[in-house]
**Q** 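Take this structure first; my questions come after.
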Protein chains: 2
Amino acid sequence: MRKKSRSFLPNGVKLCYIKHMGRPKNFEREDVIQQAMELFWLKGYAATSLSDLTEATGLNKKSLYNEFGSKEELFNIALNAYNQSKLRQIELLTEEPFGKQNVINYLEDVAQTSSKKGCLMTLSIHESELLEKEAKLDVQKSFKGLQGLIFKNLSVDYDKKKAKSLALLMSSMIFSIASLGKLKVDKKEIKSMIKELIILL
Amino acid sequence: MRKKSRSFLPNGVKLCYIKHMGRPKNFEREDVIQQAMELFWLKGYAATSLSDLTEATGLNKKSLYNEFGSKEELFNIALNAYNQSKLRQIELLTEEPFGKQNVINYLEDVAQTSSKKGCLMTLSIHESELLEKEAKLDVQKSFKGLQGLIFKNLSVDYDKKKAKSLALLMSSMIFSIASLGKLKVDKKEIKSMIKELIILL
DNA sequence: GTTGTTTTATACCGATAGGTTACTTACTCA
DNA sequence: TGAGTAAGTAACCTATCGGTATAAAACAAC
């Protein structure tokens, strides 16, 4: 009888099986997010259609909507994943001791990893007229976060006013680099450019 | 008789009247281009629909197509007009004598005129995956032109290698500034930022 | 095997995209 | 005035947009 086999559980409590009921999904959520991210990154939000997404991910529309709710929500999730993927780079700005060397390391890494695909966050900023508040706030917050971290590092070496201006300059270099990437400017040239910039520090 | 009144013309040559035949247009081509430009500038190519364009310009679809051929062609023309409108700024880089002061003047003007709408060229770069060759080449050419002019000015004060890197840095600031504009960063901050940058020169 | 649950495939929805057709209107020319 | 021409209007075209309804398929529990 069932009662015997579950007698170790309190009344009303059921076993929670790892395997869920119903037909199993035949996709990995993280993979799908990754693929969607690549697509949005390449084409932007407006120009990426549901057909593009279903084609790239292998999922059909219904499954996409079951999993993510809407194109917009999927975009927000993808944008988030993109920002997460940049965390390693950002962490260069949290190394002890704080100071301008962290900023130099960060900028050199950004130049080194610059891509011909540009940068999803930069793209989103320019598309922001189409996006809902959530995505707008996301990019706003991401950039402010970066700017703040750079400011914190530069505050060690400069007075507040100068640190602020320099932080804006250094943080906004991600936009320059993203655009140069899209323009297929050689990575070597971008690195030389950054070399010149960090003379300021 | 006609012959008498046109006797001063050679045979087979007709008077070319300023007024053209048929119903006159009730729009100014330049105005329409301007309005289209503003719209593309605000929303980007992909997100600007024909309805948006007809609404903003007052022209109906047929007239738009008669005049400009297609959405893509209109965009190319608008992008061109945008670049033309930036010529005054660019001319700061052709003042005699050539030298870094020209670049400083240019950058300060770019900062001064930075807009919350960003920059149509920068937006187009990030949308370039959607655009046909013509628009791509246009932005490519525009940027190379700017970069070349800045290089020419900096070559007066620096050796070739340094001038090249500095030129890339200074020219790509238009992308940073455009993005900061879209992020609603205060113009005053942008100007302070540029103040810091030109210390390099 | 039956029942319940979840995912999948397919077909469909109204709305809108970019673009065109057919016709009317407004002008020049003679 | 009437013929010729260019521009404007509105209805229409097909394709695709983001999003859904329905039902078959694949699993767990029993």
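To find a chain, count down the sequence lines: A is the first, B the second, and so on, and within it residues start at 1.
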**Q** Output, in order, the C-alpha distance, side-chain angles, deciding distance and verdict of side-chain contact (heavy atoms from CB on, under 4.5 Å) for Glu132(B) and Asn76(B).
**A** CA-CA 9 Å; Glu132(B) 298 300 321; Asn76(B) 291 147; over 6 Å; no

**Q** The helix from dG1(C)-dC30(D) to dA30(C)-dT1(D): angle between its terminal axes, five pairs each, to 10°?
**A** 10°

**Q** Salt bridge or not between Glu127(A) and Lys43(B)? Use side-chain N to carboxylate O under 4.0 Å.
**A**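 Salt bridge flag = no for Lys43(B) with Glu127(A).
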
**Q** Ring centroids only, cut at 6.0 angstrom: are Tyr45(A) and Phe75(A) within range, meaning strictly under it?
**A**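 Yes: the rings meet the under 6.0 Å criterion.
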
**Q** Rounding to a whole Å, what distance do you find between Leu39(B):CG and dG18(C):P?
**A**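 Spelled out: CG on Leu39(B) to P on dG18(C) is 11 Å.
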
**Q** When every nucleotide of nucleotides 8-23 of chain D is labelled 5' to 3' by its protein contacts under 4.0 Å (heavy atoms), B for base, S for sugar-phosphate only, - for none, what sequence of letters results?
**A** SBB------SBBBB--

**Q** Under 6.0 Å between the ring centres of Phe175(B) and Phe143(B)?
**A**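 Close enough - the centres of the two rings lie under 6.0 Å apart.
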
**Q** Look up atom CG in Leu93(B) and atom CG in Leu146(B), then write down how far apart they are to the nearest 0.5 Å.
**A**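 Separation between the atoms: 6.5 Å.
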
**Q** How are the rings of His126(B) and His126(A) set to each other: parallel, tilted or perpendicular (split at 30° and 60°)?
**A** parallel

**Q** Find the distance Leu74(B):CG to dG19(C):C1' and express it as a whole number of Å.
**A** 14 Å

**Q** Give the intermediate values and the outcome of salt bridge (Lys or Arg N to Asp or Glu O under 4.0 Å) for residues Glu196(B) and Lys162(A).
**A** CA-CA 8 Å; Glu196(B) 288 299 327; Lys162(A) 191 173 175 89; 3.0 Å; yes

**Q** Would the number of heavy atoms belonging to other residues, nucleotides or ligands and lying under 6.0 Å from NZ of Lys116(B) be above 12?
**A** yes

